[in-house]
Amino acid sequence: MGWSLRGLGRWAAAAMLAAGLLAPAAHAQTSGKTIRFIPEADLRSLDPIWTTAYITRNHGYMVYDTLFALDEHFKPQPQMVDTWTVSADKLTYAFTLRDKLKFHDGTPVRSADCIASLERWMKRDGLGQVMALSVAEMKAADDRRFSIILKKPFPLLLEAIGKLSSNVPFIMPERIAKTDANTQITDPTGSGPFKFVKSEWVPGNKAVYVRNPDYVPRSEKPSWAAGGKVAKVDRVEWVYIPDPATAANALAAGEVDWWQQLPPDLVPQLQSNPDITIANTDPLGSIGVMRFNQLQPPFNNEKLRQAVLYVIDQKEIMTALAGDDQRNWRTCYSYYTCNTPMASEAGAAPLSGPRDPAKAKALIKESGYKGERIVIMTATDQPIVDRQAQIVAERLREIGLNVDLQAMDWGTLITRRTSKEPVEKNGWSIFFTWFVGPDMINPALNFPIRANGDKAWFGWPSDDKLEALRAEWLAAPDLAAQQRVAAEVQEEAFTSVPYVPTGQFIIPTAFRKSLHGVIVAPVVFLWNVEKQ
Amino acid sequence: MLAYIIRRLIATVPVMGVVALFVFSLLYIAPGDPAAMIAGDLATSEDIARIHAKLGLDEPFLLRFGHWLWGVLHGDLGISIFTNLPVTQLIGQRLEPTVALTLTTLVVTVVFAVPLGVLAAWKVGTWIDRLVMLVAVLGFSLPAFVLAYLLVLAFSIELPLLPVQGYVSIRDGFVPFISHLILPSAALGLIYGALIARVTRASMLEVLSQDYIRTAAAKGLADGQVLLRHALKNAAVPIATVIGIGVALLISGVIVTETVFAIPGIGRLTVDAILRRDYPVIQGVILLFSAAYVLVNLAVDISYTLLDPRVRY
Amino acid sequence: MAAAELVAPLRRRHWLAPAVRRHPTVAVGLLILVAMLAMAALAPWLGTSDPLAVSPIRRLRFPAAAYWFGTDAYGRDVYSRTLYGARVSLQVGLGVALLSTALGLAIGLVTGFNRFADAVIMRVMDGLMSVPPVLLAIALMALTRASIGNVIIAITISEVPRVARLVRGVVLGLREQPFVEAAVAAGTGFLRTLQRHILPNTLAPVLVQATYICASAMITEAVLSFIGAGTPPQIPSWGNIMADGRSYFQLRPYLIIFPGVFLSLTVLAVNLVGDGLRDALDPRLARRL
C-alpha cells in the first residue's frame, strides 16, 4: 500500500488543515444516472438457484431474465418467450424465444441455455422437483425453439417456470448452467436488463450493476415481474447499511436514493422530510411463522399445539413487529397469503376468535403437560424474529407453560434449529421466522406446511392426511377445485398445526422524491425507475 | 540495532503461534454450524449434512489445524464460507478504509492528547488541569457508539456539515476523503486520547519532580524550554508505551465505529463474520489484528532506543 | 526487620480518609457509587414494575407520569429497566473486576515465583494479550449462548493477562528487595513470606487496576450488547436498553439518554475512585499532590 512515514506526516498535516476549511456539502456527489440503493440484506451468494436467499433472488432479477414471469393478476406471462403452444393432451409445451436475446458476454440466448438452466433449477427448487416428476424430456428444435414433453399432465407448468420467488428459474448460459446443482456458480453472466460489475463487488458493503445496453425489453407495461423491463439509469449501487439509524440518516442526507426496507418504527422520523416518499410497494407483504419442534415433548402433542392457537394474538404481535400504523400489517388467519386466491378462514376459528386463555389452559390439561421446559429461541439481530418471540414467550408463560426464552444471534439459531435432540441436550421447542407472501400463496409453494416427517422443514411435523391433501391439490384441474382442496388442506393444518401464522406485515420502502416509476410488486425491481 | 530488531521479531513468532492455535481452537469448538447457515432457510437436514461433509468440517482437530496453519504460512487464509471468495481478497478490499481511519485517528489523537497532557501537568492543580482531566475521565465513561450517534446528530443532521456514513478513497479527492473520516475519527479517538492524555500528564509530573528539572528551572531556563527539552524528552518512554498499547483500544473501537458509520473496513467484516459464523474470515481478521498490534508494539519498543539513550538493546 | 518497615506502613496507614480529603472528587465518586448500589439493591421498592413485562399497546411512549422514563419498542417500562439494569451492569463490572484480579493475582504470583510456570503461562498470556480485548470478548461470546455469566467470563478472560502481567512484574521486583531476601534468609516459610511481604505490596496496584477493569467492563458490556453479542436482550442491562433503542435515537432519545447517563455516571464514579486510590496508594505520586 506504500504508506511511508514521511508521507504520512504530510498527509496528516494536510488532513488537519482541510478539517478547518471544509465547505458544507463538499461530499455531495450526485449523478442523475446512478441510483444508490440500500437493500434488505447483504448480497453474499451470486447463485439464485443454489440459495433461496431473497437478496440473491433480487440480484437474479437484476442480471437474469426468465422464460415466463408472474403479473399482478397471479398469471404467468411470457417474458423471454415470444409464442408458445400446448398440445391438446396437455403433454407437450412448445416455446419460441424472442428475437435478439443476448447474454452479457455477447452470445445469443439459445434453446440449449434454457434447457440447461431449467434442468439445474429442477434439481434445487421445491416446485421444480415436483415438476421434474412429470417431465419426460426437454428438447431443442433449433436455437430459438424448444419443447417440454410431459409423462403426465402438470397443470402448474407455466406457474412453475414463471415462479416469482425463490428459487426463480433464471436463464443462464449453458456453460454456467451445467455447473453441478450443489456447487455455487460464481460467473454472473445473464441476459437481464443490468450487468453485474464483479470487480466492484465488496461483500458486506457494496454490489454494483450497470445498464445492459443490448437488452431488448418487451413492449408491454411492467406488471410485477412481467412486461417491459426498461433500465432507466446507467448504474445501480447496492449499498448495504445494516444499522437502521445510519441508513435513515444517509437517506435523509441524500447520500442514498432508496432504502428498500424502512423499519416501521422509523417512519415518523422520515415522514416529515419533504424530499422523501414513504410507500408500501409490496402488495403481499410477509407472513410471520411460529414453528414447533414436533419430535420432542411437549410439542409432539397435538393438543398442546392447539392450545397455543388460543393465545396467539396476531394484532398484538403485528403491533410489536410493524408498529401502530395499520397500513403496515393485517391479521391473516389463513395458511395462505391473504389477498391471494387460495386464502380463506376455513378452520381458523381457534386463531381468529376472541383470545381464550381458559380454553388454552383446558387443552394444556388435556394434553397431559407436566411442566416440561419449553425452549423458545430468539435472534437478537433479527427484529422480526425477536419481536414475535418476546410477545409469545410472555403469553405462553401466562397460561402456565414453563418457558425458557433463549436469546442468540440468527447464525446460532439456524444452526441450533437443525438439532433433533431434547432441550436438555441443547435442542429447542419453538422458533420464529417469516416468509414473503409469494412463498405462501398455495399448498405447493408453502414450504413449512409440509408434514412429511424427517423430510419436512425444521420441526419435522408428520401428518399423512395433510400430505395426501397437498398431493390432491397439485393435481386439481381448475381454480374452483384448487380452492376447495386448499381449504381442506388448511382445515387439517389448523388441527395438526405444523406452524402458527402470526400475521401479515408489510415493510414500507422509502425513497427520495427524485426517483420515479418504482414498481409495486412483492419483489423489489430496479427497472423502470428513473432519477431526475 | 539490526540484531536487536531481528531478535525481537523472532520473539514474536511464539506469540503469534499461540494466537494462531488459540484462534483456531476457539472456532473449532464454536457451537454454530456454518453448514446450516450456508444451506439457508428452506434447507433440510440432508442438505446440511452434505455441505458439512463437503467443507471438511468432520475432519479431526489436528488435521484441520495443520491444513489451516500450512495455508496461513503460505498467505492462504482459506475461502470465506459465505461469499465463496478468498479471505485474503476480502481482507484486501477492506484494508484501505481501516488503515486510513486508524492512522488518521492515531495521528490526530496523539497530536492533540500529548500537548494536552503536558499542559495539564505544567498547570497542575489549576482549572486547566482539572478540565483536561475531566474530559479525559469522561472519555472513558461513554460507550463509543453513543458518542458516534451524538456526533452524527450534531454535525450531520442538525448542522449538515459532514457526511453521515460511508468511506471515500483518497484517490477520489482529498476533501471528500477527509470529510468522511472526521466524525468516525472523533468517536474512535476520544477514549484513546483520554488514555494518552492521562499517562502523559502522570509521567510528566513524575519527571517534573526530579531533581535535575528543578536544577534546570533554578538555573533560570524558561519554563517552556524546561518542559520540552528536558521533561517531555524524559517522559517519552511511558508515553510511547501507552500509544502502542492503546492501539488495542483503537482496534476494538474500529469494530463499533465502522458499524455506526457504515465504513466498509475490517471492523465491519469482523462483526459480519462473527454473526454469520464465517470461520475462515474470523480466524483471518483476529490473526491480522493481533499481528498488527504486536508489530505496533514492537515498533514502540524499538523506538525506545531512539527516544531514550539510556535504554540499551 | 527494619527493612520491612519501609514498605509496611502502606498497610497500616488508613488510605481512604486522606484520599477523600485530597480529592473531593473521590467523595463524589463514592457517593454516586453508593447511590447506584442502593438503587440496584432497592430496585423492587422504588416504584418499578416488572422490567420484562411486554405490552405492545403502550410501546414507545414518551416519558410521562405513568412511565417516568417512557417505554421501549416492546412497551416495557424504561424506568424499571434502568433501575434493574443497575443490577446487571454492576454485577458485570464488579464480577469481572473480582474474577480477573483473583485469577490475575494467582497467575501472577505463580509465574513470579516459578520459572517453568513463568515460561509456559506467560507465553499463553502474551498470546492472549496480543488479541485486542473487545475483539477477544466478542469472539468468546460468539462461542457461547448469551447470559450474564458468559459475558462476565468472556470479559474476564480478556482482562486476566494484563493483571497477571502487572502482578508478576511487582513480584519479580519485590523478590530482589532486601527485605524479602532477608525474610527468606531468616527462614521464613514461603507462604508466610507471601502473606507478609508480597501480597500486601501487590494488593495496592491490583486494587487500582481492579477499579479500572470494573469501569471498562461495564463499557465493554454495552459494546457487546451493541454488536449483538452481549447479555440476552430481554435482560435489562444498560447496554441492552441502549442497544435496543439506538435505532430510535432521534425519535426517542430518552431510550439512550437515561441508561446512558446512568452508565456514564457509574463508570465516571468508579474511575474517580480509582484515581483517588491510585494517588493514595502510590506514595511516589501522592507525594506531589
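On a predicted model such as this, the values are computed, not experimentally measured, just so you know. Chain letters run A, B, ... following the sequence lines, proteins first and then strands; every chain starts at 1.
- A distance of 6.0 Å or more separates the ring centres of A:Tyr54 and A:Trp434.
- Residue with the most contacts toward chain A among B:Leu159, B:Thr259, B:Val260: B:Val260 (heavy-atom pairs, distance under 4.5 Å).
- With a 4.5 Å cut-off on non-hydrogen atoms, B:Val152 touches chain A through its side chain but not through its backbone.
- For a residue to count as touching a neighbouring chain, one of its non-hydrogen atoms must lie under 4.5 Å from one of that chain's; by this rule A:Lys420 touches chain B with the side chain only.
- Contacts between B:Ile157 and chain A at a heavy-atom distance below 4.5 Å involve the side chain alone, from C-beta outward.
- At a threshold of 4.0 Å, the pair B:Glu96-B:Arg171 counts as salt-bridged, since one of the basic side-chain nitrogens sits closer than that to a carboxylate oxygen.
- Residues A:Tyr499 and A:Thr433 are not in side-chain contact: their nearest non-hydrogen atoms beyond the backbone lie 4.5 Å or more apart.
- Residue contact with chain B, scored on non-hydrogen atoms closer than 4.5 Å, is absent for A:Ala53.
- For B:Leu153, no part lies under 4.5 angstrom from a heavy atom of chain A.
- For the set A:Pro242, A:Pro203, A:Ala245, A:Gly126, the count of heavy-atom pairs under 4.5 angstrom toward chain B peaks at A:Pro203.
- Both the backbone and the side chain of A:Trp201 have a heavy atom closer than 4.5 Å to some heavy atom of chain B.
- A salt bridge links A:Asp275 to A:Arg512: one of the charged nitrogens lies within less than 4.0 Å of a carboxylate oxygen.
- By the salt bridge (charged side-chain N to carboxylate O under 4.0 Å, His left out) test, A:Lys123 is found to be paired with no residue, residues two or more places apart in sequence or in another chain being considered.
- Among residues two or more places apart in sequence or in another chain, the side chain to side chain contact (heavy atoms under 4.5 Å, CB included) test is passed with B:Ala299 by none.
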